[in-house]
Asker: 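Could you have a look at this structure, given as structure tokens, before my questions?
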Amino acid sequence: MSDALREEVALGCRILALEDQGDFVWGHVSARDPAGRGVWMKAATLGFEEIRAENVILVSWDGEVLEGEGRRHAEYPIHTELMRARDEVGSVVHTHAPWAVAFASTEEPLRPVSHEGTLFVPPGPARFTKTGDLILTRGLGDALAAAVGDRNAAFMVHHGIVTCGPDVVAAVMAAVLLERACRTQIRATAGGGPKTWSSDEEALAKREHCYPPALLRQAWDYLARRLDER
Ligand SMILES: [Zn+2]
């Protein structure tokens with residue numbers, strides 16, 4: 001069971017690398033341990049594209065490495081506290097997604113100018129502004145989880161993004177789509193817009209049509225095949 005989960009976390013990391021969300025060795029993907037011991041998480045000191053199943057380690061709710069070889073990331077409370085706060089969250093992603101970081105600093109609301117934005121809007125990603133520094137304590141992890149609320153994504157302003165979902169595919173694809181939505185809006189802004197975008201009603205319909213779990217899985221499988229070609 002945990003072997004398949006470790007493979008999935010590792011593949012999620014490599015997909016995020018393919019999507020240009022790596023920041024040297026920083027950023028992480030996690031999945032809830034089915035036995036409730038903590039989170040299976042990418043090990044520190046490695047880049048996303050380097051991660052294989054053996055580099056995914058079991059980190060307890062208190063940050064102890066329980067299984068696997070490697071150092072845990074200092075920012076593990078991003079993952080443990082969001083999962084502690086929400087039983088239905090099975091996976092958390094944190095990256096320093098460059099377009100999203102740039103976009104968050106504009107203080108503009110995210111608009112569904114293309115398909116991607118409709119996964120988040122309405123109501124839009126949360127904004128975490130308590131600190132732009134690292135999330136090194138349970139208290140800050142808890143504050144981040146409170147800011148995320150029941151949403152699937154948050155901008156960690158001056159820092160990065162956090163996304164979550166019921167499983168690794170949902171959390172990783174949310175990170176991929178959020179970054180693409182921000183890139184599209186910045187392009188629209190550079191062109192003098194955006195002046196028009198989907199209404200809430202249209203966005204909600206598109207969310208159902210474009211991004212149900214089966215279609216997110218198709219996009220994930222496609223990205224996995226692109227990695228295989230390398
Ligand atoms: Zn970070």
Side-chain angles (χ1 to χ4, degrees), residues 9-10 12-32 38-51 55-65 70-86 89 91-107 110 120 125-149 151-165 168 170-183:
V9 169
C13 289
R14 300 199 301 278
I15 283 174
L16 289 165
L18 183 70
E19 287 289 302
D20 279 333
Q21 291 202 35
D23 181 15
F24 303 107
V25 298
W26 301 299
H28 4 95
V29 178
S30 71
R32 186 188 290 272
V39 298
W40 288 94
M41 194 173 160
K42 166 196 174 297
T45 76
L46 298 165
F48 275 147
E49 70 280 9
E50 299 180 295
I51 299 297
N55 309 119
V56 177
I57 60 180
L58 178 60
V59 177
S60 80
W61 299 104
D62 298 320
E64 222 182 305
V65 178
R71 284 169 52 189
R72 68 149 168 76
H73 277 280
E75 289 193 298
Y76 78 89
I78 294 172
H79 302 260
T80 51
E81 298 318 304
L82 193 46
M83 288 199 211
R84 230 195 283 257
R86 286 171 61 183
V89 168
S91 176
V92 174
V93 170
H94 166 59
T95 75
H96 301 164
W99 290 98
V101 170
F103 179 73
S105 77
T106 68
E107 293 197 327
L110 186 68
F120 310 98
R127 286 176 68 83
F128 176 72
T129 56
K130 187 182 172 76
T131 181
D133 200 351
L134 303 183
I135 305 300
L136 298 176
T137 63
R138 183 170 171 183
L140 279 174
D142 197 41
L144 175 60
V148 176
R151 301 185 194 200
N152 59 352
F155 293 121
M156 298 164 69
V157 178
H158 311 159
H159 180 170
I161 59 168
V162 61
T163 61
C164 60
V168 176
V172 169
M173 289 310 301
V176 167
L177 293 165
L178 180 58
E179 173 72 341
R180 286 174 174 245
C182 292
R183 184 179 64 187

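Order of listing sets the numbers, starting from 1, for every ligand and every atom in it. Just so we're clear, the structure is a prediction, and the values are computed from it rather than from any experiment. Computed over heavy atoms, backbone and side chain alike; hydrogens, waters and symmetry mates excluded.
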Asker: Using a 4.5 Å cut-off on heavy atoms from C-beta on, say whether the side chain of H96 contacts that of Q21.
Answerer: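 When only atoms from C-beta onward are counted, H96 and Q21 do not touch, as no gap falls below 4.5 Å.
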Asker: Would R72 and M41 count as a side chain to side chain contact (heavy atoms under 4.5 Å, CB included) if you check the C-alpha gap in whole Å, the side-chain angles of each, and the deciding distance to 0.1 Å?
Answerer: CA-CA 8 Å; R72 68 149 168 76; M41 194 173 160; 5.9 Å; no
Asker: Provide the atom name of the closest N, O or S atom of H159 relative to the Zn ion (ligand 1).
Answerer: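 Sorting the N, O and S atoms of H159 by distance to the Zn ion (ligand 1) puts NE2 first.
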Asker: Tell me, which N, O or S atom in H96 is closest to the Zn ion (ligand 1)?
Answerer: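 This turns out to be NE2.
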Asker: Any idea which N/O/S atom from E75 gets closest to the Zn ion (ligand 1)?
Answerer: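 Per the distance ranking, E75 contributes OE1 as its closest N/O/S atom to the Zn ion (ligand 1).
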Asker: Between S60 and G38 (side chain of the first, backbone of the second, donor and acceptor by atom type, cut-off under 3.5 Å), is there such a pair?
Answerer: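 No, S60 side chain to G38 backbone: no donor-acceptor pair under 3.5 Å.
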Asker: In the structure I gave you, are the side-chain heavy atoms of F128 and V148 within less than 4.5 Å of one another anywhere?
Answerer: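 No - every pair of side-chain heavy atoms lies 4.5 Å or more apart.
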